[in-house]
Amino acid sequence: MKKGLLTMAGVLLTVSLVSAGTTVPVLAEEETTLVYGSGDYTRINPAMDEHGEINILIFNGLTAHDGDNQVVPGLAESWDFDDETNTYTFHMAEDAKWQDGEPVTAEDVKFTIEAIMDPENGSENAPNYEDVEEINVIDDHTVAFKLEDKNVAFLDYMTMAVLPKHLLEGEDMQTSDFFRNPVGTGPYKIESWDEGQATLVKNEDYFKGEPSIDKIVFKIVPDDNAKALQLKSGELDLALLTPKDAAAFADDEAYTCYDMKTSDYRGIMFNFGNEYWQKNRDLIPAVCYGLDRQAIIDAVILGQGMPAYGPLQRNIYNYEDVEHYDYNPEKAKEILEAAGCEMGDDGFYYRDGEKVGFVISVSAGDQVRIDMAQIAAQELKEIGMDVSVEIPAQTDWAGQMAFLIGWGSPFDADDHTYKVFGTDKGANYSGYSNTDVDKYLTEARQSADPEVRAEAYANFQKALAEDPAYAMICYIDANYVADSNIKGIDSDTIMGHHGVGIFWNVADWTIE
């Protein structure tokens, strides 16, 4: 077995066969270990932070998603819905235990969702539960949620990791030491978490069955380029790579390359709290027309993606008949000039004596976003906007002018729309506000009728296109590369943001 996927649990054992008077060497059972190239974690806190691939290994929600991104049982074996009272009642598995041996109860569920809903805790997941009116514990394994209004995405949101009340009650939900050494219900549990990596061992008492792989190491490799080097050297066994780096493994039989579709889009997010956009919001359509999306896709992700014009292109409620802002530099210039901008001697437009342009901030280590931002900036310079890129050590959401953002969900259309574009919602980092957008998103979440939802989401997408929150760029594919001995990875599932979803069936993975 190459690249350290297997480590010896013991050396040769000798068994003395007395009757035969001989000693026979027997090979001890081998321990399987998978090393995953992970982004950085300062904490593991699924209640407060949405993204984190490690969450699904350690925790369970009442519900879960399968490989088709459909809702299936998690800690809840079944559920009922009372249409008259908008009440969901969940019937929980009675054999589920916390990794410290304590039983999982309905009180844990109530505690978790109330913690997320508490505005003092500042959870970016809070908008998912803002219509919860009551949470009633019926008995140890039955819990009911009464909603003020219908929310057809509620079962999707109950995939939220349930946290242990007995370990977190009275703790600060943002700063508790628990989130550096979490105890969950999932197929794997934390063995150690040192600087640079977290080691997880299988939960032999997992209520859905013991996993096959003994250990999974989340090795922190924040830099995309370093992941490819460490995969090649054998330090990693699985990693999400850039398309350019993944291409280097395509013809090597020692690796399996997974080019997986995602709902994950990239775009330039404008900070509407910044004074610049309060004065120049009318120039955003020019930015949108000034982006050659296909050129960015071809150069940065080697064609592995598609141009983006809206947030629901990989969703059943996508509405195509909106303005796509296809690349049109002449139209971009027309918009600038119609807004009173005049070309200066330096090749840039000016309005009211001020040069037209802005700075795109990008997170360090994400080479794809950095490359996209730099090409976008160059394209916008070509239409006369002085756009540059900065890579700050920390994201300043309030102070920055723009950000190379990523969002997108493979689940219900309410996910990553309501809380991202709704006024004052938990993941609306742009400060975007549009009353029509708010109205249509609310209509869509409150109806289970597909025709009603389709109309509401069509109107939402039209309103968003008329008043863009982002200059959309593209949807990206997820390029995972794995040691070829890892079996069970589902290459057909549609990935979410940051490639989240790869581990949905990790308990079934094996190493040959």
Any chance the side chains of [X] and [Y] put a donor and an acceptor closer than 3.5 Å?
X: Tyr429; Y: Asn271; value: no
X: Asn428; Y: Ser430; value: yes
X: Tyr309; Y: Glu320; value: no
X: Thr493; Y: Asp490; value: no
X: Asp140; Y: Thr105; value: no
X: Thr87; Y: Asp82; value: no
X: Asp366; Y: Ser363; value: no

Is the ring pair [X]/[Y] parallel, tilted or perpendicular, if the boundaries are 30 and 60 degrees?
X: His497; Y: His416; value: perpendicular
X: Phe460; Y: Tyr457; value: perpendicular
X: Phe154; Y: Tyr129; value: perpendicular
X: Phe218; Y: Phe503; value: tilted

Test your reading of the model: is there a side-chain donor-acceptor pair from Asn121 to the backbone of Ala115, 3.5 Å cut-off? yes
Is Ser447 reaching over with its side chain to a backbone N or O of Arg453, donor-acceptor style, under 3.5 angstrom? no
Please assess Asp264 against Arg314 for the test salt bridge (Lys or Arg N to Asp or Glu O under 4.0 Å), listing each intermediate value before the final yes or no. CA-CA 9 Å; Asp264 196 9; Arg314 286 239 161 90; over 6 Å; no
If you measure from [atom1] on [X] to [atom2] on [Y], what distance do you get to the nearest 0.5 Å?
X: Thr112; Y: Glu107; atom1: OG1; atom2: CD; result: 11.0 Å
X: Asp492; Y: Asp68; atom1: CG; atom2: CG; result: 8.5 Å
X: Asp177; Y: Leu167; atom1: CG; atom2: CG; result: 12.5 Å
X: Glu210; Y: Lys202; atom1: CD; atom2: NZ; result: 3.5 Å
X: Thr423; Y: Asn434; atom1: OG1; atom2: CG; result: 7.5 Å
X: Leu34; Y: Tyr36; atom1: CG; atom2: OH; result: 10.0 Å

Could you tell me whether the side chain of Phe111 reaches within less than 4.5 Å of the side chain of Val162, counting heavy atoms only?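 A side-chain contact is absent here, since even the closest heavy-atom pair is not under 4.5 Å.
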Can you name the one residue among Asn151, Asp414, Asp412, Asn125 that meets side chain to side chain donor-acceptor pair (under 3.5 Å) with Tyr157? Asp414
Trp98 and side chain to side chain donor-acceptor pair (under 3.5 Å): which single residue from Thr185, Asp108, Asp205 fits?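 Of Thr185, Asp108, Asp205, side chain to side chain donor-acceptor pair (under 3.5 Å) with Trp98 is met by Asp108 alone.
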So, using side chain to side chain donor-acceptor pair (under 3.5 Å) as the criterion, who are the partners of Lys219 when residues are at least two apart? Gln230, Glu235
Apply the test salt bridge (Lys or Arg N to Asp or Glu O under 4.0 Å) to residues Lys150 and Asp83: give CA-CA distance (whole Å), side-chain angles for both, the deciding distance (0.1 Å), then the verdict. CA-CA 9 Å; Lys150 288 183 171 57; Asp83 189 65; 3.6 Å; yes
Do Arg445's NZ or CZ and the ring of Tyr418 fall within the cation-pi criteria of under 6.0 Å and 45°? yes
I'd like to know whether Asp259 forms a salt bridge (Lys or Arg N to Asp or Glu O under 4.0 Å) with Lys261, so could you lay out the CA-CA distance, the side-chain angles of the two residues, the decisive distance to 0.1 Å, and finally the verdict. CA-CA 7 Å; Asp259 178 13; Lys261 301 301 180 188; 5.1 Å; no
To check you understand the geometry: which heavy-atom pair defines the closest contact between [X] and [Y], and what is its length?
X: Leu441; Y: Gly422; result: CD1-N, 4.3 Å
X: Tyr255; Y: Leu231; result: OH-O, 3.2 Å
X: Gln197; Y: Ile220; result: N-CG1, 4.0 Å
X: Met48; Y: Gly122; result: SD-C, 4.5 Å
X: Ile405; Y: Arg369; result: C-NH1, 3.6 Å
X: Val481; Y: Leu241; result: CG2-CD1, 3.7 Å

Between Glu191 and Lys215, does any NZ, NE, NH1 or NH2 come within less than 4.0 Å of an OD or OE carboxylate oxygen?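 A salt bridge is present here (some side-chain N lies under 4.0 Å from a carboxylate O).
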Aromatic contact, Phe81 with Tyr88 (centres under 6.0 Å): yes
Determine, stepwise, if the pair Tyr480 / Met495 fulfils side chain to side chain contact (heavy atoms under 4.5 Å, CB included). CA-CA 11 Å; Tyr480 282 96; Met495 296 286 101; 4.2 Å; yes
Quick one: which of Phe272, Trp397, Tyr470 gives a ring pair (Phe, Tyr, Trp, His ring centres under 6.0 Å) with Phe403? Trp397
From CA spacing to verdict: salt bridge (Lys or Arg N to Asp or Glu O under 4.0 Å), Lys425, Asp438: CA-CA 10 Å; Lys425 301 307 178 188; Asp438 293 342; over 6 Å; no
